[in-house]
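Here is the structure we will look at, set down as structure tokens.
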Amino acid sequence: GGAVEILIGRTLADAEPVEWRPGSIRDQGTHRRVTGLIRNPARGEELPVLRLEPKNWNGTTVIWVDPAGKAGLFHSADDADPGLKPAVRQLVDRGVEVVGVDLLFQGEFLDAGESPTETRRVKNPRESAAYTLGYNHSLFAQRVHDLLTTMRYLRERENRSRRLCLVGVAGAGPWAAAARAVSGDAVSRAAIDTGGFRFGDLVDLRDVHFLPGGAKYFDLPGMLSLGVPGDLFVGGEREGTPPVVERIYAAARAANRLMHHRGSSVSFGEAAVAWLLQER
């Protein structure tokens, strides 16, 4: 656990105090769509956020982590009034607050609406990750930092969340897994579609998912295991739940808190919501 905290470079406990800068509020009948910025003044960071607040909120908040940022809550970002995805709508209808956030180089951070295909690098003619990442956090780590900032806000705001959950879909699962790994017991339940991702499979130092040392400590399954004994729903793994995760959950006598999604990534969001809404 300590090693992963070093790789990410920040934990939830380390996150500085944050503040909310309000934007707009739209009444949608059963819920309100609230926009604004979460600001971390100490780090000079701001994150565009959308909160779907049910009027019958039950105290549970789900951070929906998507490669499209907060636009991933909707069918299409191009519609004049886009409708919520069925899985998101189901959560809101059941009294669960859903939060979407634009992490670094997502959504409102992009002028042309195109995500980066390579990470930034310092000006140097020699291709070595150390010249950039010896002094700067990788994009992967920065996006995890943004999730930690969001979690800090939700846990400390005036009307704070009593139960915090993470859902990582469509390629965003690894960020959610890493954020959960360095958050102690803050995340009650996490549904993570890994998409079969492994840091050790990357072949380019400028890959947007590159994290120095990411493969060293059981790779992504190692990060997944660090949330024990919290409830975990894993998808995207071709051969079932990774053995190291199963062993660690079993050792912690929490095997009943670990579940595997056997369907496709396309159906993961709906399956994750059904799992989240189960009473425990």
Side-chain angles (χ1 to χ4, degrees), residues 5 7-26 31-53 61-74 77 82 88 97-122 132-133 135-161 164-172 174-183 186-187 208-209 211:
E5 291 177 3
L7 299 184
I8 298 302
R10 197 183 299 184
T11 69
L12 184 60
D14 296 331
E16 293 83 2
V18 297
E19 58 189 38
W20 173 256
R21 177 174 292 179
S24 65
I25 300 178
R26 292 178 57 187
H31 69 280
R32 288 176 290 268
R33 293 184 187 176
V34 181
T35 65
L37 296 174
I38 297 176
R39 302 186 68 248
N40 184 334
R43 302 274 185 173
E45 299 170 353
E46 288 186 343
L47 302 174
V49 172
L50 171 64
R51 304 196 325 252
L52 304 175
E53 296 183 346
T61 298
V62 169
I63 303 176
W64 193 274
V65 191
D66 188 285
K70 62 184 186 301
L73 300 175
F74 302 95
V88 175
E97 178 187 38
V98 181
V99 174
V101 54
D102 287 338
L103 309 179
L104 185 59
F105 297 136
Q106 290 184 325
E108 294 185 36
F109 284 108
L110 306 174
D111 290 333
E114 295 182 359
S115 298
T117 57
E118 293 184 328
T119 57
R120 294 171 294 174
R121 56 174 286 185
V122 297
T132 298
L133 302 177
Y135 302 92
N136 305 283
H137 292 296
S138 68
L139 177 57
F140 183 97
Q142 288 175 306
R143 286 174 168 169
V144 175
H145 296 171
D146 290 344
L147 285 175
L148 296 175
T149 296
T150 305
M151 293 166 64
R152 173 92 184 224
Y153 162 71
L154 294 170
R155 283 167 53 87
E156 296 187 351
R157 61 182 171 170
E158 183 177 355
N159 192 21
R160 66 180 183 177
S161 305
L164 193 60
C165 306
L166 278 175
V167 175
V169 298
W175 311 329
R180 175 177 178 260
V182 295
S183 298
V187 178
V208 293
H209 291 292
L211 176 70

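What you are looking at is a predicted structure, and each value in this text was computed from that prediction instead of being measured. Numbers here are sequence positions counted from 1.
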Problem - Exceeds 12 heavy-atom contacts within 6.0 angstrom, atom CZ of R157 - result: yes
Nearest atoms (heavy-atom pairs only) where [X] meets [Y]:
{"X": "F105", "Y": "R143", "answer": "O-NH2, 3.5 Å"}
{"X": "A179", "Y": "M151", "answer": "CB-SD, 4.5 Å"}
{"X": "L104", "Y": "D146", "answer": "N-OD2, 2.9 Å"}
{"X": "A178", "Y": "V144", "answer": "CB-CG2, 3.7 Å"}
{"X": "L73", "Y": "W64", "answer": "CD2-CB, 3.5 Å"}
{"X": "A68", "Y": "D102", "answer": "O-OD1, 4.1 Å"}

Handout entry: Side chain to side chain, V101 and P48, heavy atoms closer than 4.5 Å
Key = no
Exercise for the section: Find out whether H209 and W175 are in side-chain contact, i.e. whether some heavy atom of one side chain is under 4.5 Å from a heavy atom of the other. Expected result: yes
Measure the [atom1]-[atom2] distance between [X] and [Y] for me, rounded to the nearest 0.5 Å.
{"X": "L52", "Y": "E97", "atom1": "CG", "atom2": "CD", "result": "8.0 Å"}
{"X": "N40", "Y": "E19", "atom1": "CG", "atom2": "CD", "result": "9.0 Å"}
{"X": "R26", "Y": "R32", "atom1": "CZ", "atom2": "CZ", "result": "14.0 Å"}
{"X": "R180", "Y": "I63", "atom1": "CZ", "atom2": "CD1", "result": "13.0 Å"}
{"X": "I38", "Y": "R21", "atom1": "CD1", "atom2": "CZ", "result": "13.0 Å"}
{"X": "L148", "Y": "I8", "atom1": "CG", "atom2": "CD1", "result": "8.5 Å"}

Exercise for the section: Go through the steps to decide whether R10 and H137 satisfy the test side-chain contact (heavy atoms from CB on, under 4.5 Å), and finish with yes or no. Expected result: CA-CA 10 Å; R10 197 183 299 184; H137 292 296; 5.6 Å; no
Problem - Aromatic plane relationship, Y153 with W20 - under 30° parallel, 30 to 60° tilted, over 60° perpendicular - result: parallel
Exercise for the section: Using side-chain contact (heavy atoms from CB on, under 4.5 Å) as the criterion, point out the one residue from L154, L12, V18 that pairs with T149. Expected result: V18
Exercise for the section: Please answer whether the main-chain N or O of D66 pairs with a side-chain N or O of Q106 as donor and acceptor at a distance below 3.5 Å. Expected result: yes
Handout entry: Chi angles and distances behind the side-chain contact (heavy atoms from CB on, under 4.5 Å) call for T132, R120
Key = CA-CA 8 Å; T132 298; R120 294 171 294 174; over 6 Å; no
Exercise for the section: Go through the steps to decide whether H145 and R43 satisfy the test side-chain contact (heavy atoms from CB on, under 4.5 Å), and finish with yes or no. Expected result: CA-CA 11 Å; H145 296 171; R43 302 274 185 173; over 6 Å; no
Exercise for the section: Could you give me the CA-CA distance, side-chain angles and deciding distance for R155 and R160, then say whether side-chain contact (heavy atoms from CB on, under 4.5 Å) is met? Expected result: CA-CA 5 Å; R155 283 167 53 87; R160 66 180 183 177; 5.7 Å; no
